Amino acid sequence: MSTDEPQPTDSASASATAPPRAAETPRSLAEALRSRDDDALSALLRARPDLLTPVPTDLTQLATRAGTRASVVRALDHLDRFAQQVAETLAVAQDPTSYDEVRALIAGDDGAAAVEEALPRALATLHEQALVWGPDDRLRLVRTARELLAPAPQHPSPTGLGPTVAEATAGMSPTRIQHIVTEAGLPSTHDPVSAVESLRALFTDRARMSALLDEAPAESVEVLSRLVWGPPYGQVTADPARHLRWLLNRGLLLPTAPGTVVLPREAALHLRAGRAHRAPEPTPPPVVAAREHRPQVVDTTAAGQAYTALATVEELLKDWDEGGPAVLRAGGLSVRDLKRTAVALDLPEPLAAFWVELAYAAGLVASDGEADERYAATPAYDEWQELPAPQRWAALATAWLTATRTAGLIGGRDGKDRTLSALGPHLDRSAAPEVRRRVLALAATLPEGTAPDPESLLARLRWERPSPASRELRSRMAQWTLNETELLGITGRGALSTHGRALLDATADDATSPAERAVAATRAAQLLAPLLPEPLDHVLLQADLTAVAPGPLERPLADALAVLADVESKGGATVYRFTPGSVRRALDSGQSASDLHTFLTAHSRTPVPQPLAYLIDDMARRHGHLRIGAASAYVRCDDEAVLNEILADRRSQGLRLRRLAPTVLAAQADPGTLLDGLRGMGFAPAAESAEGDVLITRAHARRTPPRSAPEPVPDGPPLPDATLVGAAVRAIRAGDLASTAPRKEAPQAADGRLPRTTAAETLATMQAAVLTGEAVWIGYVNAEGSASQRVIAPVRVEGGFVTAYDHTADEVRTYPLHRITGVAELADD
């Protein structure tokens, strides 16, 4: 059944998206949908994908589903501001109404060219989404939308209008109504209905209404001016003032409850000069330019920031390479671990949280799933590191564009007043990808090198999606998007870069296929590649025990240098400092002094400074002179004087050393503590195995088991592709044919229902249909006990089965005869 009452009329039907197939006005939404062509039905299913789940069996079920509250609310929320205003206008107009009446309500008495020009487009949108149906002279808003948007004390209309005179006077005594009519200067009538109509006619007559208001006291006009644009309700005492009584006596204020009065809709419209809205917004606000730059400057700035983004993610994962912070019991990072990560990255905590979330969204970091659960890099991180820099950037940027996790929420509170933590639950916002794409799409409408004004961009987004439920969050997400695009290098100096425009094509909408996204992402990487600096294979060694990398280094060189030296500063050039501890770290990793000299000579454009050579040789000479193993722990050294020096040092008292032999000391501390203690005293001990060999210590990278990137949380059903929509339209048409196919008259059962045919009658009718090639109507019960009606053309009957072409399913099927409840011939027409 359709959700709207049949309204018989003989005017021609006129859908906004397709002309009707019949010369009759549709009596219901189902009939209006039936008059559409396949393209119009496809447009409806694409605009409202929730109607596809599951695929409706026929057009009547599609109309019923399109009128459900949840579906209508979702459709209204996705309208732009002017389309919403038109729907709100229809909700306060008569039902049905005409195009001219809607135009008068939305444009007002004076008219507005922009409003009249935009009205057909807005009505076409409402028609396409099945929120409005009927021809131009009998437009109907679907009942559920009218209930949501019509004025009511519980939920005032967005227009600010109140109830009509007829609605406000319902239940009022006939005597009181006649008194109001008389006070308004109208002749008394013989019944309340005609009296209410007489009052309504007065309020809708511009000339007579103006004459009535000319007689009103100034205080009364002031009261009306406060109520005219809403809310239309006010409070009065049991003994109202003279100016209020003047309004009450003439029906300009009508009582709705004890102490409450309302301004009738017709009177408010006169005071508003016929406008349902104070400020119609027929056209979207333009996105204006804030600054203009040369496109080359924008691209190079964005490329520099893209390189910084890659370096930041690599530094983050390197910091977590041997195992990152622990996972909270409720999931996510603790505040302390986020602060520690921010210090390691030398960034504010909100920025550190963004990079952590980005690495997680790209599948580069995840929890390891162990009993003592910690975050660590995934195997995908190693694969990502092997990619060229432009492709690594494209992977990060694409992951950001499509992710529903929103880093800007971190540190806020959820609905249960719990703090939202990085990598924790409850950070998904399904609208995030759509907002990000829309922000970039609006920026792309400006000339190259032009940065949009943020306020104008936010105003445009609010016009496109004005729903109060999501407006504030969408505005916040848009502001976060503007900041994050700059961090990622998608924009430069606020303007969309060339590679950013190509990346936008990679995720144009949810219906874009993965192959199309991959092609567009590759294109963006190709545009970025010439702008990124080439990796260098050399550094510049300086006499103050530092090395300067004038640009990004090749990965093997950067990894080796990170072991041999400590990073002192970063920026356009990275400065590394050599210290005794860093050189010892390199020796601990198994390298010899000659290896280090060879490495530095091969990768330095300047000679190896003498202080650095002395530092390496000195640390190598002392490295391993002391040997530490496990007794609990011991120290052995061929030089007794060194052991004597250790025992005499007060700093060794905490290690509880005692001499076992002239060249051996025993300790009650474990080998690791002993190593750290002696190194703190200025020695360079080396650990040894149980066999007496020097242990080579390397940093072991910790990896999680294979993990996939988190799936985005969709904003409702996904957008269907053309194949699915086409198949759904064919199925709906076939089901509608089966449900509306005319049948021949058959004897009626006593209870008025169509009687079932016997097995013999079913078999005989099927065999006759095979011979004549005609289609028949059947009732069928499947194995799950679900009954359905079908139109089939039998091809063969044998072995208790009938093989037929099923018009409902649009395919050949085989049905057991014992599951066919009855059969009837179709009418000749």
Side-chain angles (χ1 to χ4, degrees), residues 4-5 7 67 72-73 75-76 79-112 115-116 118-119 122-123 125-127 131-134 136-170 196-197 199-206 209 224 227-234 251-254 256 261-282 466-468:
D4 297 277
E5 296 179 358
Q7 297 293 329
V72 170
V73 168
L76 291 174
L79 295 175
D80 62 46
R81 179 66 187 125
F82 188 62
Q84 279 193 359
Q85 288 183 327
V86 173
E88 293 160 2
T89 301
L90 284 163
V92 298
Q94 295 181 2
D95 185 33
T97 189
S98 66
Y99 179 89
D100 291 337
E101 184 177 350
V102 175
R103 180 178 56 192
L105 285 172
I106 198 75
D109 294 343
D110 299 332
V115 170
E116 295 186 2
L119 182 57
L123 276 175
T125 299
L126 297 175
H127 268 290
L131 295 171
V132 170
W133 58 278
D136 283 352
D137 59 344
R138 294 186 66 83
L139 293 172
R140 286 183 175 276
L141 188 67
V142 293
R143 182 182 306 166
T144 307
R146 179 173 289 275
E147 293 171 354
L148 290 168
L149 300 176
Q154 297 79 14
H155 51 85
S157 168
T159 62
L161 293 170
T164 63
V165 172
E167 293 168 345
T169 56
V196 169
E197 175 58 28
L199 192 62
R200 187 200 67 80
L202 169 64
F203 290 166
T204 55
D205 188 314
R206 294 285 187 264
M209 188 65 173
L224 294 179
L227 300 178
V228 64
W229 292 109
Y233 296 92
L252 292 172
L253 291 180
L254 293 171
T256 59
V261 293
V262 67
L263 176 65
R265 186 183 307 171
E266 293 87 348
L269 286 172
H270 172 82
L271 295 169
R272 295 179 176 196
R275 296 200 308 275
H277 293 84
R278 172 178 285 187
E281 301 178 50
S467 172

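Fair warning: this is a prediction, and the values are worked out from it, not measured in the lab. Both backbone and side-chain heavy atoms feed into the values below; hydrogens, waters and symmetry mates do not.
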**Student:** Counting C-beta onward and ignoring hydrogens, is there a side-chain heavy-atom pair between L271 and L227 closer than 4.5 Å?
**Tutor:** no

**Student:** For L90 versus V132, what's the shortest heavy-atom pair and its separation?
**Tutor:** CD1-CG2, 3.4 Å

**Student:** Supply the atom-to-atom distance D80 CG to E281 CD, rounded to the nearest 0.5 angstrom.
**Tutor:** 10.0 Å

**Student:** Which atom pair, heavy atoms only, marks the closest approach of L105 to A93?
**Tutor:** CD1-CB, 3.7 Å

**Student:** Stepwise, does the side chain to side chain contact (heavy atoms under 4.5 Å, CB included) test hold for L79 with V86?
**Tutor:** CA-CA 10 Å; L79 295 175; V86 173; over 6 Å; no

**Student:** Measure the spacing between CG of L224 and CG of L253 and express it to the nearest 0.5 Å.
**Tutor:** 6.0 Å

**Student:** How close do V262 and G162 get, counting heavy atoms only, and between which atoms?
**Tutor:** CG2-CA, 4.4 Å

**Student:** For the residue pair F203 and A267, what are the closest heavy atoms and their distance?
**Tutor:** CB-N, 4.1 Å

**Student:** How many angstroms lie between CZ in R200 and CG in D205, if you round to the nearest 0.5 Å?
**Tutor:** 10.5 Å

**Student:** Does any N or O in the side chain of E266 come within less than 3.5 Å of the main-chain N or O of V165, such that one atom is a donor and the other an acceptor?
**Tutor:** yes

**Student:** If you look only at pairs with a residue in residues 147-159, which of them pass as a salt bridge (charged side-chain N to carboxylate O under 4.0 Å, His left out), with sequence neighbours excluded?
**Tutor:** none

**Student:** Considering all heavy atoms of both residues, which atom of Q85 and which atom of I106 are nearest to each other, and what is their separation?
**Tutor:** O-CD1, 4.1 Å

**Student:** Would you find a donor on one side and an acceptor on the other, under 3.5 Å apart, between the side chain of H277 and the backbone of T159?
**Tutor:** no

**Student:** Which distance, rounded to the nearest 0.5 Å, do you find between the CG of L126 and the CH2 of W133?
**Tutor:** 15.0 Å

**Student:** Please name the pair of heavy atoms, one in S98 and one in L139, separated by the smallest distance, quoted to 0.1 Å.
**Tutor:** C-CD1, 4.1 Å

**Student:** Taking only residues at least two apart or on different chains, which pairs with a member in residues 82-108 satisfy salt bridge (charged side-chain N to carboxylate O under 4.0 Å, His left out)?
**Tutor:** R81-E88, D95-R140, D95-R146, D100-R103

**Student:** Working to the nearest 0.5 Å, report the span between CD of E167 and CG of L254.
**Tutor:** 11.5 Å

**Student:** Look at the side chain of R272 and the backbone N and O of V228, then say whether any donor-acceptor pair between them is shorter than 3.5 Å.
**Tutor:** yes

**Student:** Taking G67's backbone N and O only, do any of them form a donor-acceptor pair with T144's side chain (distance below 3.5 Å, no angle check)?
**Tutor:** yes

**Student:** Could you list the residues that satisfy side-chain contact (heavy atoms from CB on, under 4.5 Å) with P151, not counting sequence neighbours?
**Tutor:** V92, S157, R265

